Amino acid sequence: MIAANARDVFGHVAHIVRFAKSQDIPVNYQQLAKDISRWGGRVKTRWAQEFWKMNAPVKTKRKEKADELANADPAQNV
């Protein structure tokens, strides 16, 4: 999607909107129309940032503890 030019973005958006509907994800059609009409660097950057913010891996307590143990000084465990 980020690599798409202004013409190609319409086909991608249709698929994304259908997917969002199937997952009961609300779509702000006003903002979407604005973004498509201004499709370019700033809009693409904002979309990428939002995507990664929503899809960033979340560490669980168990993972944090495992990381902590893996990075601990072995001399302290003796």
Side-chain angles (χ1 to χ4, degrees):
M1 185 74 191
I2 298 302
N5 63 33
R7 263 189 219 143
D8 296 337
V9 78
F10 290 107
H12 294 294
V13 168
H15 292 290
I16 291 169
V17 168
R18 280 195 296 273
F19 176 77
K21 280 184 147 187
S22 76
Q23 301 296 309
D24 292 325
I25 298 169
V27 175
N28 181 338
Y29 290 100
Q30 274 187 314
Q31 186 63 53
L32 180 60
K34 250 188 232 181
D35 287 351
I36 291 171
S37 70
R38 299 178 182 158
W39 195 250
R42 286 186 182 191
V43 173
K44 289 179 179 186
T45 299
R46 185 169 43 81
W47 278 42
Q49 288 170 337
E50 289 297 317
F51 173 82
W52 288 111
K53 192 186 312 179
M54 290 176 15
N55 293 291
V58 178
K59 282 192 172 185
T60 62
K61 292 270 186 212
R62 184 179 292 167
K63 174 76 172 124
E64 286 175 0
K65 186 65 176 173
D67 289 348
E68 192 178 299
L69 291 172
N71 296 322
D73 182 3
Q76 291 180 343
N77 293 334
V78 177

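Values below: every heavy atom of this structure, side chains too, minus hydrogens, waters and symmetry copies. The structure presented is a predicted model; accordingly, all values stated were derived computationally and were not measured.
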Do Trp47 and Trp39 make a side-chain contact, defined as non-hydrogen atoms from C-beta onward lying under 4.5 Å apart?
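Yes, side chains in contact.
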Could you work out, with salt bridge (charged side-chain N to carboxylate O under 4.0 Å, His left out) as the rule, every residue matching Arg46, not counting sequence neighbours?
Asp35
Common cluster, Ile25/Trp52, ILVMFWY with side-chain heavy-atom separation under 4.5 Å
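Different hydrophobic clusters.
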Identify all side-chain donor-acceptor contacts of residues 13-21 below 3.5 Å with residues at least two apart in sequence or on another chain.
{"from": "His15", "atom 1": "ND1", "to": "Arg18", "atom 2": "NH2", "distance (Å)": "3.2"}

Which atom pair, heavy atoms only, marks the closest approach of His12 to Ala4?
CD2-CB, 3.7 Å
Can you confirm whether more than 12 heavy atoms, excluding those of Gln30, are under 6.0 Å from its CD atom?
no
